[in-house]
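See structure below.
These numbers were taken from a predicted model, which means no experiment stands behind them.
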Amino acid sequence: VNGARAAELFSYPVMADIRELIEVDDVMEDESLRFGPNGGLVFCMEYLANNFSWLEESLGHVEDDYVLFDCPGQIELYTHLPVMKQLVEQLQQWEFRVCGVFLVDSQFMVESFKFISGILAALSAMISLEIPQINIMTKMDLLSKKAKKEIEKYLDPDMYSMIEDSTNILKSKRFQKLTKSICGLIDDYGMVRFLPFDRSDEESINIVLQHIDFTIQYGEDLEFKEPK
């Protein structure tokens with residue numbers, strides 16, 4: 001199911017394109033609304049939530065199909081606004097097996113305090129949506145050899161070592177205490193782990209796909225395979 005740009009970037013079959021229902025540019029240009037880009041996008045998603053019958057009709061009969069929903073990147077849609085939760089619940093009512101795939105740019109995650117921010121965003125989305133979620137570090141192929149080696153510790157992180165890494169950056173004892181509390185919270189939940197995704201590495205792609213398939217039990221009538 002395509003968003004605004006996905007049809008131009010990918011070649012998979014399009015089952016539904018939200019631009020047939022509403023477009024952000026039209027919302028922003030509406031004189032009675034006067035929304036900016038973020039407000040316009042939220043309005044569009046809420047408009048979709050009020051018109052799920054359009055989505056149901058566009059999807060048609062999807063038994064045994066593998067449907068990818070290309071969702072907007074604005075984090076507020078997954079943390080404190082109800083619209084994506086409403087979409088998930090509607091899909092579940094239509095008997096979809098839903099799995100969230102949360103993407104974080106690996107180039108953003110090579111420093112401990114940035115990683116903590118990224119892991120909090122992923123955790124917030126997991127708690128808000130209440131569905132199985134696969135967290136992925138994308139664009140690994142764009143990292144330097146040094147950065148790739150550095151990022152390995154973030155794939156299975158020790159949050160208390162994150163605190164030590166942040167100590168030199170956070171000179172204020174107050175912020176050090178806050179960081180320690182945040183790391184403790186993340187460690188207590190213990191829900192967020194990242195998979196590396198390198199689009200130039202076929203094995204990397206297959207491992208990510210195996211985890212997603214395992215989560216939604218896609219092809220459950222086939223031979224059982226535990227993801228690597």
Side-chain angles (χ1 to χ4, degrees), residues 35-43 45-46 49 69-89 98-198 204 207-208 211-212 215:
F35 282 123
N38 283 350
L41 188 141
V42 171
F43 181 91
M45 294 305 297
E46 290 177 341
F69 291 83
D70 177 56
C71 300
Q74 277 75 0
I75 189 62
E76 60 265 29
L77 292 172
Y78 312 93
T79 54
H80 59 276
L81 294 177
V83 61
M84 297 306 294
K85 176 69 172 177
Q86 292 169 356
L87 174 59
V88 165
E89 291 174 344
V98 184
C99 168
V101 182
F102 193 88
L103 308 179
V104 180
D105 192 328
S106 60
Q107 297 174 96
F108 175 78
M109 304 284 273
V110 293
E111 296 177 78
S112 58
F113 65 95
K114 291 182 180 179
F115 174 78
I116 293 171
S117 175
I119 208 170
L120 278 176
L123 179 59
S124 180
M126 293 176 75
I127 294 172
S128 175
L129 297 180
E130 296 182 309
I131 56 174
Q133 181 169 300
I134 305 297
N135 303 298
I136 299 175
M137 284 192 189
T138 63
K139 303 179 183 178
M140 293 290 289
D141 51 305
L142 300 183
L143 294 178
S144 65
K145 289 183 179 180
K146 181 181 179 181
K148 282 184 179 180
K149 187 174 182 180
E150 178 70 16
I151 213 168
E152 286 181 2
K153 66 182 179 182
Y154 298 123
L155 298 177
D156 188 15
D158 175 358
M159 294 314 302
Y160 294 99
S161 69
M162 297 292 108
I163 299 172
E164 295 176 3
D165 290 346
S166 301
T167 301
N168 293 331
I169 300 171
L170 302 172
K171 302 298 183 182
S172 169
K173 290 186 178 180
R174 182 176 62 177
F175 285 114
Q176 288 179 21
K177 185 177 180 180
L178 175 61
T179 301
K180 185 176 181 179
S181 298
I182 292 173
C183 289
L185 173 69
I186 294 170
D187 193 66
D188 288 343
Y189 272 95
M191 295 168 61
V192 182
R193 292 294 183 273
F194 286 93
L195 295 174
F197 182 81
D198 182 341
S204 170
I207 289 173
V208 169
H211 277 79
I212 296 171
T215 300

Taking side chain as C-beta onward, heavy atoms only, is [X] less than 4.5 Å from [Y]?
{"X": "E46", "Y": "V42", "result": "yes"}
{"X": "I134", "Y": "L195", "result": "yes"}
{"X": "M84", "Y": "L129", "result": "yes"}
{"X": "L123", "Y": "F102", "result": "no"}

Going by side chain to side chain donor-acceptor pair (under 3.5 Å), name the pairs with one or both residues in residues 124-133, residues two or more places apart or in two chains.
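Of all non-adjacent pairs touching residues 124-133, those that pass side chain to side chain donor-acceptor pair (under 3.5 Å) are K85-E130, Q133-N135.
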
Is there a side-chain contact (heavy atoms from CB on, under 4.5 Å) between N38 and E76? Walk through the geometry before answering.
CA-CA 9 Å; N38 283 350; E76 60 265 29; 4.0 Å; yes

Measure the spacing between [atom1] of [X] and [atom2] of [Y] and express it to the nearest 0.5 Å.
{"X": "I136", "Y": "H211", "atom1": "CD1", "atom2": "NE2", "answer": "10.0 Å"}
{"X": "K149", "Y": "L143", "atom1": "NZ", "atom2": "CG", "answer": "15.0 Å"}
{"X": "D198", "Y": "D141", "atom1": "CG", "atom2": "CG", "answer": "4.5 Å"}
{"X": "L41", "Y": "F35", "atom1": "CG", "atom2": "CZ", "answer": "11.5 Å"}
{"X": "T138", "Y": "Q107", "atom1": "OG1", "atom2": "CD", "answer": "8.0 Å"}
{"X": "C71", "Y": "L77", "atom1": "SG", "atom2": "CG", "answer": "9.0 Å"}

Which residues satisfy the side chain to side chain contact (heavy atoms under 4.5 Å, CB included) test with P196, sequence neighbours excluded?
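Once residues adjacent in sequence are excluded, the partners of P196 under the side chain to side chain contact (heavy atoms under 4.5 Å, CB included) criterion are M140, L155.
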
Determine the minimum heavy-atom distance between [X] and [Y], stating which atoms define it.
{"X": "G100", "Y": "I131", "answer": "N-CD1, 3.6 Å"}
{"X": "S106", "Y": "M137", "answer": "CB-CB, 4.1 Å"}
{"X": "M45", "Y": "V83", "answer": "O-CG2, 3.2 Å"}
{"X": "F194", "Y": "I119", "answer": "CE1-CG1, 4.0 Å"}

I need the full list of salt bridge (Lys or Arg N to Asp or Glu O under 4.0 Å) pairs touching residues 112-128, with sequence neighbours left out, sorted by first then second residue.
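As it turns out, the salt bridge (Lys or Arg N to Asp or Glu O under 4.0 Å) pairs with a partner in residues 112-128, which skip direct neighbours, are E111-K114.
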
Which residues share a side-chain hydrogen bond (donor to acceptor under 3.5 Å, both in side chains) with E89, sequence neighbours left out:
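For E89 there are no side-chain hydrogen bond (donor to acceptor under 3.5 Å, both in side chains) partners, ignoring immediate neighbours.
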
side-chain hydrogen bond (donor to acceptor under 3.5 Å, both in side chains) partners of Q86, counting only residues at least two apart
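Not a single residue meets the side-chain hydrogen bond (donor to acceptor under 3.5 Å, both in side chains) criterion with Q86.
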
Is it true that E150 and K153 make a salt bridge, defined as a side-chain N closer than 4.0 Å to a carboxylate O?
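Answer for the salt bridge query: yes.
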
Here's a test for you: under side chain to side chain contact (heavy atoms under 4.5 Å, CB included), which of D187, I186, T179 qualifies with C183?
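Exactly one candidate clears the test, T179.
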
Just jot down the salt bridge (Lys or Arg N to Asp or Glu O under 4.0 Å) partners of K148, sequence neighbours excluded, or say none.
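Here no residue qualifies.
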
